[in-house]
Amino acid sequence: MKYKAIKLVKRPDIHITPDVFETVTLETAPLEDGQLLLKQTHMSLDPAMKGWMSADTGSYIPPVALGDVMRSSGVAEVVESKNEKFPVGTRVSGLIGWTEYAVSNGQGLHKLPPEIPAEAVLCVLALPGLTAYQGLVEIGKPKAGETLVVSGAAGSVGSMVGQIAKAEGLHVIGTAGTDDKCRWLEDELGFDKAINYRSEDLAKQLRGATPDGVDIYFENTGGPVQHIVFGRMNAHGRIIVCGMIADYNTDKPSPGPNWLNIIRKRLTIQGFTMPDHWDKVPAMTAKLSAYFMAGKLKYRAHKLQGLESAIEGINLLFTGGNTGKLMVVL
Ligand SMILES: NC(=O)c1ccc[n+]([C@@H]2O[C@H](COP(=O)([O-])OP(=O)(O)OC[C@H]3O[C@@H](n4cnc5c(N)ncnc54)[C@H](OP(=O)(O)O)[C@@H]3O)[C@@H](O)[C@H]2O)c1
């Protein structure tokens with residue numbers, strides 16, 4: 001059977017341009033013992049892909065080799081199988097790549113419960129929810145009554161962070177790039193306050209929303225919010241550094257705040273990446289499923305149609321054009 005896949009053939013310069021990809025037609029070979037054929041139904045697009053496309057070998061995961069199918073996670077159905085652990089019809093998630101079909105030996109695939117829709121898997125139970133949980137709960141150690149600020153709050157990770165924090169009894173402030181996104185955070189997700197970080201009086205608004213200072217800052221973006229919140233951290237505050245998307249498409253990284261406040265306020269600042277914590281996925285999934293089933297984790301999926309929509313669509317992440325978890329429906 002013939003199918004389409006997209007290979008990375010060039011490293012992006014500053015922005016991701018269509019010429020870094022090549023769409024190819026591939027053909028499946030007969031399966032060997034232990035193998036299964038996956039038909040991908042939902043493919044995740046994530047900001048981290050920009051880093052995976054670069055030549056950087058010093059990061060937490062090796063770059064995608066030129067000529068390889070672009071790396072991505074997704075949800076798929078087993079359509080042929082010579083592996084008794086994965087019979088035909090099993091739904092799985094895993095690193096499947098920018099491809100309509102993929103052959104696997106089952107390694108790294110997670111079986112999915114049939115009652116949870118694929119969209120909810122990608123929006124809640126996969127990377128966004130796991131990242132939010134690991135960062136907020138395991139690193140941030142939140143306590144009821146504390147104040148949390150999360151940047152990139154209307155995004156897939158940020159919206160989960162804010163909702164888990166609300167479920168844990170925190171006072172939650174989010175920043176996002178449009179008034180519409182802010183309204184969604186306050187009206188639908190129950191954030192105590194959402195602030196458009198493009199506002200001219202951003203510092204004044206953030207001060208007004210955090211009269212008792214900030215105990216936990218969950219950093220998804222960098223940019224001006226970082227500097228303002230850094231100056232409002234309370235003693236023994238925790239800063240969880242999850243992402244710096246404001247710096248992903250620039251050739252000059254922005255300067256960070258001065259370190260003096262780390263001593264004055266005895267701050268803990270910790271970066272993390274989810275791939276270091278795959279061993280905790282079953283326990284975290286159980287917690288996230290419980291929140292989800294209790295209606296405490298709402299989500300928005302931003303769905304593109306067809307494999308090749310990924311080529312231009314990935315840039316929505318860097319313009320803020322995505323409203324919710326960005327994914328391709330195949
Ligand atoms: N450490 C980890 O393991 C891990 C795992 C997953 C994700 N992440 C990181 O978490 C962050 C959020 O990822 P996500 O998957 O949830 O994406 P997302 O938030 O759903 O989408 C990206 C959002 O970033 C915002 N953005 C883009 N450029 C910006 C800028 N210059 N300044 C401020 N905001 C900007 C846009 O929203 P606005 O409209 O609000 O600007 C955009 O919608 C990223 O930094 C990502 O790299 C880290």
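Numbering of ligands and ligand atoms starts at 1, following listing order. Here, residue 1 is the first one in the sequence, and each next residue gets the next number.
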ask   = Hey, are the side chains of V79 and Y101 touching, using non-hydrogen atoms and a 4.5 Å cut-off?
value =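 Yes - at least one pair of side-chain heavy atoms lies under 4.5 Å apart.
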query = Relative to Y299, does K325 satisfy both conditions: NZ or CZ under 6.0 angstrom from the six-membered ring centre, and within 45 degrees of the ring's axis?
reply =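 Not flagged: K325 not positioned over aromatic ring of Y299.
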Pairs where residues 151-164 contributes a residue and the test salt bridge (charged side-chain N to carboxylate O under 4.0 Å, His left out) is met, not counting sequence neighbours =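 Passing the test, one end in residues 151-164: no pairs.
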query = What pairs meet the salt bridge (charged side-chain N to carboxylate O under 4.0 Å, His left out) rule with one or both residues in residues 168-184, with sequence neighbours excluded?
reply =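 Sorted pair list: D180-R183.
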task = Run the salt-bridge test on E308 and K4 with the 4.0 Å N-O cut-off and return the result as yes or no.
result =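 The answer is yes: the pair qualifies as a salt bridge.
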Pairs under 3.5 Å, N/O atoms on ligand 1 and on the protein: can you put them in a table with the distances?
residue  : atom   : partner : partner atom : Å
ligand 1 : 1 (N)  : C242    : O            : 3.0
ligand 1 : 1 (N)  : F272    : O            : 2.9
ligand 1 : 3 (O)  : M274    : N            : 2.8
ligand 1 : 10 (O) : N220    : OD1          : 3.3
ligand 1 : 15 (O) : S156    : OG           : 3.2
ligand 1 : 16 (O) : S156    : N            : 3.2
ligand 1 : 16 (O) : S156    : OG           : 2.8
ligand 1 : 16 (O) : V157    : N            : 2.8
ligand 1 : 20 (O) : S156    : N            : 2.9
ligand 1 : 20 (O) : S156    : OG           : 3.4
ligand 1 : 20 (O) : N322    : ND2          : 3.3
ligand 1 : 21 (O) : N322    : ND2          : 3.2
ligand 1 : 34 (N) : Y197    : OH           : 3.3
ligand 1 : 39 (O) : K181    : NZ           : 2.6
ligand 1 : 40 (O) : G177    : N            : 2.7
ligand 1 : 41 (O) : Y197    : OH           : 2.5
ligand 1 : 43 (O) : N322    : OD1          : 2.4
ligand 1 : 45 (O) : N220    : O            : 2.8
ligand 1 : 45 (O) : Y248    : OH           : 3.2
ligand 1 : 47 (O) : Y248    : OH           : 2.7

message = Tell me which pairs pass ring pair (Phe, Tyr, Trp, His ring centres under 6.0 Å) where either residue lies in residues 16-59, with sequence neighbours left out.
response =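 Pairs touching residues 16-59 that pass the test: F21-W98.
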